[in-house]
Protein chains: 2
Amino acid sequence: MAQTYSISDLAREFGITTRTIRFYEDKSLLSPSREGQTRVFSSSERVKLKLILRGKRLGLSLQESAEIIQMYAPGRNNAAQLEQLLQKITERREVLEQQHKDILSMMEDLNNVEQRCKNELNKHPEPS
Amino acid sequence: MAQTYSISDLAREFGITTRTIRFYEDKSLLSPSREGQTRVFSSSERVKLKLILRGKRLGLSLQESAEIIQMYAPGRNNAAQLEQLLQKITERREVLEQQHKDILSMMEDLNNVEQRCKNELNKHPEPS
DNA sequence: CTTTACGTTTACGTTAACGTAAACTTTATG
DNA sequence: CATAAAGTTTACGTTAACGTAAACGTAAAG
């Protein structure tokens, strides 16, 4: 029943190389099980990979993505650790909020440039 | 009248090192004028620096930020170039939209983890 | 049976984005 | 006047995130 994936399955699905996936394992971001020598990825390993790639799109380092993934791991029992986790969540949220602002302002800039660009094109129209 | 800035003015303002600023100049992302040997930054150079840093927060490479900055430079006259610029704007917008989605989904994840975390803390309350 | 496709490990190479340090000049200051 | 505080150039060092290649195992297909 439980879905599994080969290394090249995942590579194909996400448009990355197998080298990349092995590298992530080497950095302990992934830990696939094995059939003999061969890696077998569960769907939860696949989710981890998705989280890594999402992190990358937002400019996170692999270590930062590793931290995020760790957050999901249940088992951080003691209260001090929970508080520290809450703290990390707050920090990450602040980064995300800044990024959100940056996206909006960059969008605005793009709109402006686009307008100036289109005006320029209309001034000297293409002979059709 | 026209505001100018020393290299350490800008370094202080943006929390970076002078080495970084010189590096950006070396990569042609900045081109301050000179008083003798000494760099003098106009407010438009300062804006460029802000754009670079905004780019970094969104995970752009310096070359990508350089492209963005180039977009603002008026002087790309010919129509083909304008079309190409419009194309680049579209592409960048797509990246920004994906990033926006990623931010929202990561925010959601953080909220979930935070909730689980707070519940856990309430189950084993701190002796006050 | 050998070629093709997929998997493995090990290891050196590469690029980006600076850090760090040396060696020097020019102003300002106690 | 010495020294501290800014500036300069040149150059080697460092880290992250893979790329690339060698050298090998296994298994299905022609």
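Every chain is numbered from 1, with letters handed out A, B, ... down the list of sequences.
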Quiz item: For R92(B), which residues count as a side chain to side chain donor-acceptor pair (under 3.5 Å) partner, sequence neighbours excluded?
Solution: none
Quiz prompt | d(CD, Q63(A); P, dA17(D)) in whole Å | solution = 7 Å
Quiz item: dC18(C) C1' sits how many Å from D26(B) CG, rounded?
Solution: 11 Å
Self-check item: salt bridge (Lys or Arg N to Asp or Glu O under 4.0 Å) involving R116(B) - partner list, sequence neighbours excluded
Solution: none
Quiz prompt | Protein-nucleotide distance (F23(A), atom CZ; dA16(D), atom P), rounded to Å | solution = 9 Å
Exercise. Could you list the residues that satisfy salt bridge (Lys or Arg N to Asp or Glu O under 4.0 Å) with K118(A), not counting sequence neighbours?
Key: E114(A)
Expected list for residues 21-31 of chain A: side-chain donor-acceptor pairs under 3.5 angstrom, two or more places apart:
{"from": "R22(A)", "atom 1": "NH1", "to": "T18(A)", "atom 2": "OG1", "distance (Å)": "3.3"}
{"from": "E25(A)", "atom 1": "OE1", "to": "R39(A)", "atom 2": "NH1", "distance (Å)": "2.3"}
{"from": "E25(A)", "atom 1": "OE2", "to": "R34(A)", "atom 2": "NH2", "distance (Å)": "3.0"}

Quiz item: Can you tell me how far P of dA17(C) sits from CG of L49(B), to the nearest Å?
Solution: 15 Å
Quiz item: Under the salt bridge (Lys or Arg N to Asp or Glu O under 4.0 Å) test, which residues partner R19(B), sequence neighbours left out?
Solution: none
Quiz item: Can you find a heavy atom in the side chain of I68(B) that is under 4.5 Å from one in the side chain of M106(A)?
Solution: yes
Quiz item: Is any side-chain N or O of T17(B) closer than 4.0 Å to OP1 or OP2 of dC18(C)?
Solution: no
Quiz item: Taking CD from E35(A) and C1' from dA27(D), how many angstroms apart are they, rounded to a whole number?
Solution: 14 Å
Could you go over nucleotides 7-11 of chain D and give all protein N or O partners under 3.5 Å, atom names and distances?
{"from": "dG7(D)", "atom 1": "OP1", "to": "S6(B)", "atom 2": "OG", "distance (Å)": "3.4"}
{"from": "dG7(D)", "atom 1": "OP1", "to": "S8(B)", "atom 2": "N", "distance (Å)": "3.1"}
{"from": "dG7(D)", "atom 1": "OP1", "to": "S8(B)", "atom 2": "OG", "distance (Å)": "2.3"}
{"from": "dG7(D)", "atom 1": "OP2", "to": "S8(B)", "atom 2": "OG", "distance (Å)": "3.0"}
{"from": "dT8(D)", "atom 1": "OP1", "to": "R39(B)", "atom 2": "N", "distance (Å)": "3.1"}
{"from": "dT8(D)", "atom 1": "OP1", "to": "R39(B)", "atom 2": "NE", "distance (Å)": "2.6"}
{"from": "dT8(D)", "atom 1": "OP2", "to": "R22(B)", "atom 2": "NE", "distance (Å)": "3.0"}
{"from": "dT8(D)", "atom 1": "OP2", "to": "R22(B)", "atom 2": "NH2", "distance (Å)": "2.4"}
{"from": "dT9(D)", "atom 1": "OP1", "to": "R34(B)", "atom 2": "NH1", "distance (Å)": "3.3"}
{"from": "dT9(D)", "atom 1": "OP2", "to": "R39(B)", "atom 2": "NH2", "distance (Å)": "2.2"}

Exercise. Using only side-chain N and O atoms of Y24(B), determine if any of them is under 4.0 Å from OP1 or OP2 of dA17(C).
Key: no
Quiz item: CG of L29(B) versus C1' of dA16(C): gap in Å, rounded?
Solution: 12 Å
Practice problem: Select one nucleotide: of dG19(D), dA17(D), dC18(C), the one nearest the side-chain heavy atoms of L62(A). | Solution: dA17(D)
Quiz prompt | Rounded interatomic separation in angstrom, taking CG from L60(B) and P from dC18(C) | solution = 13 Å
Self-check item: Residue-phosphate contact under 4.0 Å: K56(B) side-chain N/O, dC18(C) OP1/OP2
Solution: yes
Quiz item: Between I21(A) (CD1) and dT9(C) (P), how many Å, whole number?
Solution: 13 Å
Quiz item: Between the side chains of E83(B) and Q87(B), does any donor sit under 3.5 Å from an acceptor?
Solution: no
